[in-house]
Asker: 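Encoded as structure tokens, here's the structure I'll be asking about.
All values below were derived from every heavy atom in this structure, side-chain atoms included, with hydrogens, water molecules and symmetry-related copies excluded. What you are looking at is a predicted structure, and each value in this text was computed from that prediction instead of being measured. Proteins come first, then strands; the chains are lettered A, B, ... in the order of their sequence lines, and each starts at number 1.
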Amino acid sequence: MSADNTPIEDDLPEQLRIRREKRADLIERGIEPYPVSVARTKSLKDIRAKYGALDIDVATGDVESLTGRIIFKRDTGKLCFATLREGDGTEIQAMFSLDKIGQEQLDSWKSDIDLGDFVSVTGEIISSKRGELSVLANSWSLAAKSLRPLPNEHKPMSEETRVRMRYVDLIVRPEARTNARLRPTVMRSLRETFHNRDFIEVETPMLQVMHGGAAARPFKSFSNAYDMDLFLRIAPELFLKRCVVGGIERVFEINRNFRNEGADSSHSPEFAMIESYQAYGDWRSIAELTQALIQNAAMAISGSHVVTHHDGRQANLGGTWKEISLYEAISQGVGETVTALTPIEELKQHATKVGIKIDPKWVTGKLAEEIFEHVAKDQLIEPTFVMGFPVDTSPLVRAHRELPGVAEKWDLYVDGFELATGYSELIDPVVQRDRLVEQSKLGAKGDLEAMQVDEDFLRAMEFAMPPTGGMGMGLDRLLMALTGLGIRETILFPLVKPEE
RNA sequence: GGGCCUAUAGCUCAGUCGGUAGAGCAACGGACUUUUAAUCCGUGGGUCGACGGUUCGAGCCCGUCUGGGCCCA
């Protein structure tokens, strides 16, 4: 379609207009600025691997066709240099001399080709007099014309530009290229760890008739075909439990959840989550699994259990991680014994004493969790399982086998934030129904995060689910904990508001 | 939700006391057969986020809005 030459708008910024004029001029001269294919015999990586150790000023006699984006261009009189870069950042120098390519091709190289263009260069693989591995062109051709100038390579782009134009960020910033490859490395490691333990990966619905499995506000949508409201899922939990009922005894899913809540440096409206359920396991077996998943992932990206946190601090995630009891930590923090049976009025006094602003909507357990977070934060830097959460904020968790009012639930803290949570799952369908009915009453009273009574889920539970341990972990947060990056760096294309 | 900072050339940023806008890279023209952010000579490029106000005069002061960042809740 590029043969049809549309007029160029005259109100464009100078550099954009000039490049559009170059494109039009190429077409007029019968040169295709976007050819269907160009010569390419090897990747730049192949060339680097094969000839990386050449001495200075060596001619190999080998002719190859190489492609890349022009990232530097140094035009001199009769010998020109350019640096080609391919996707992973590998670079090779290309050289264009008058005696090899002739006056016409040299002039065209200087005037038609810009920084950012893709080209194919065919020539001998040599090392220059300065020792730079190069392709000395016998011929070259344009592979794709860039109509926009690249940003200054030597000044970092502003954070906003990096996020809005990640494609440019990936071209110019090595860390962006590295970061983009961290996530798939971690994903592969997680899947390997699961696979080695005979866990089966499933995909459960993202569009749901009824959302559930977590305390969060959903995104609402509408199906024209079914003429009904649908919700983007907030968690896969209730479907993964249906899998366990059906006999997929070790199951996991790595996929996106959507929560219609605030966005900040550790929350994104859409985020990736790992959930896993293990029949005949419990909160302790699933804690061991979680520790293995994270330690193997650390090994996969940094080759050891030592990782760098957001403030540059190094931390060793190896070994067996610390456990603390939620209520013991609260008791130490407030200087008095607090249990799950401590009356709410007493908790309110403690909360006020330590300086917490109390939300009147908080239930007893929520108040205890708030006090915990307030008094125990500094104990949570090294990986720590916080054991035994209040039962009234854990409607999908079974009661602790000994402690009244406590659920067999832990939260894993790494680098001061909540990274994962794990349960001994509630499997008694009658108790589960009571809990969900209780939740729906909170919902009726205006709690927008309360769960609903999911009759199909309860029917599944009534067919009996074996004793099960389950866990959930935020993938973005895992990457943050393993790399020290902000959430907008771990997500390739985070949501940004439109520019105009 | 509250507070603070911020928006100027393609990119990154200066812009003093309110007096018609500056740099580096990039671009354009020229020189250069071993450059590495090449160098040298020359040139062009701006709705100063938007709207309103104060003023003889606003990039700068005031207000509102929009985008972005940081801190707090």
Asker: Run the side-chain contact (heavy atoms from CB on, under 4.5 Å) check on A:R69 and A:I171 step by step: do they pass?
Answerer: CA-CA 9 Å; A:R69 191 191 287 275; A:I171 294 167; 3.5 Å; yes
Asker: At less than 4.0 Å, is any side-chain N or O atom of A:R164 found next to OP1 or OP2 of B:G67? Yes or no.
Answerer: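 So the side-chain polar atoms of A:R164 never come under 4.0 Å of the phosphate oxygens OP1 or OP2 of B:G67.
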Asker: Could you check whether A:R74 gets within reach of a base, just the sugar-phosphate, or nothing at all, counting any heavy atom under 4.0 Å?
Answerer: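 If one applies the 4.0 Å heavy-atom cut-off, A:R74 turns out to touch a base.
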Asker: Please pick, from B:U33, B:A38, B:A26, the nucleotide with the shortest atom-to-atom distance to any side-chain atom of A:L115.
Answerer: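 So the side chain of A:L115 is nearest to B:A26.
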Asker: Taking pairing as Watson-Crick or G-U wobble with both contacts under 3.5 Å, can you name the mate of B:A7, or confirm there isn't one?
Answerer: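 With both distances under 3.5 Å, B:A7 matches B:U66.
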Asker: Take A:E124 and A:K100 through the test salt bridge (charged side-chain N to carboxylate O under 4.0 Å, His left out) and record every step on the way to the result.
Answerer: CA-CA 11 Å; A:E124 186 181 359; A:K100 291 274 184 199; 5.1 Å; no
Asker: Taking the six-membered ring of A:F389, is NZ or CZ of A:K409 closer than 6.0 Å to its centre and within 45° of its axis?
Answerer: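 Judged by the rule (NZ or CZ under 6.0 Å from the ring centre, within 45° of its axis), A:K409 counts as positioned above A:F389.
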Asker: Would you indicate, yes or no, if B:U12 has its OP1 or OP2 atom less than 4.0 angstrom from a side-chain nitrogen or oxygen of A:T161?
Answerer: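 Answer yes for this pair, as a side-chain N or O of A:T161 is under 4.0 Å from OP1 or OP2.
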Asker: Using a heavy-atom cut-off of under 4.0 Å over every strand shown, decide if A:L98 touches base, sugar-phosphate, or nothing.
Answerer: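 If one applies the 4.0 Å heavy-atom cut-off, A:L98 turns out to touch a base.
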Asker: I want to verify a distance call: between B:U34, B:C70, B:U12, whose nearest atom is closest to the A:M157 side chain?
Answerer: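 Closest of the options to the side chain of A:M157: B:U12.
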Asker: Where each residue is assigned the nucleotide of RNA chain B containing its nearest heavy atom, which of A:P13 and A:A82 is assigned the position nearer the 5′ end?
Answerer: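 Checking each residue's closest nucleotide, the 5'-ward one belongs to A:P13.
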Asker: Where the side chain of A:E160 is defined as all heavy atoms beyond and including C-beta, which of B:G67, B:U34, B:A38 is the nearest nucleotide?
Answerer: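 Output: B:G67.
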Asker: Does A:Q15 get its side chain close enough to the base of B:G10, under 3.5 Å, for a donor-acceptor pair?
Answerer: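 For A:Q15, whose side chain was compared with the base of B:G10, there is a donor-acceptor pair (under 3.5 Å).
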Asker: Choosing from B:C28, B:U33, B:C25, which nucleotide comes nearest the side chain of A:K22?
Answerer: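 In terms of side-chain proximity for A:K22, the closest of B:C28, B:U33, B:C25 is B:C28.
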Asker: Tell me what A:S158 touches on the nucleic acid: a base, only sugar-phosphate, or nothing, going by heavy atoms under 4.0 Å.
Answerer: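 A:S158: backbone/sugar contact only, no base atoms under 4.0 Å.
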Asker: Within 45° of the six-membered ring axis of A:W109 and under 6.0 Å from that ring's centre, is NZ or CZ of A:K73 located there?
Answerer: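 Judged by the rule (NZ or CZ under 6.0 Å from the ring centre, within 45° of its axis), A:K73 counts as positioned above A:W109.
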Asker: Taking any strand in view, what nucleotide pairs with B:A27 in a Watson-Crick or G-U wobble way, both distances under 3.5 Å?
Answerer: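 In the structure as shown, B:A27 has B:U43 as its Watson-Crick or wobble partner.
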Asker: Among B:U36, B:G67, B:A26, which nucleotide has an atom closest to any side-chain atom of A:K497?
Answerer: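 Nearest to the side-chain atoms of A:K497, counting from C-beta on, is B:G67.
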Asker: Nearest-nucleotide wise, let me know which of A:D57 and A:V496 is further upstream toward the 5' end of RNA chain B.
Answerer: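 On the 5' side of the pair lies A:D57.
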Asker: Among A:K145, A:R19, A:R29, A:K22, find the one that has a salt bridge (charged side-chain N to carboxylate O under 4.0 Å, His left out) with A:D112.
Answerer: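 Of A:K145, A:R19, A:R29, A:K22, salt bridge (charged side-chain N to carboxylate O under 4.0 Å, His left out) with A:D112 is met by A:R29 alone.
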Asker: Do any side-chain nitrogens or oxygens of A:K155 fall under 4.0 Å of OP1 or OP2 in B:U12?
Answerer: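 Negative; the distance criterion is not met.
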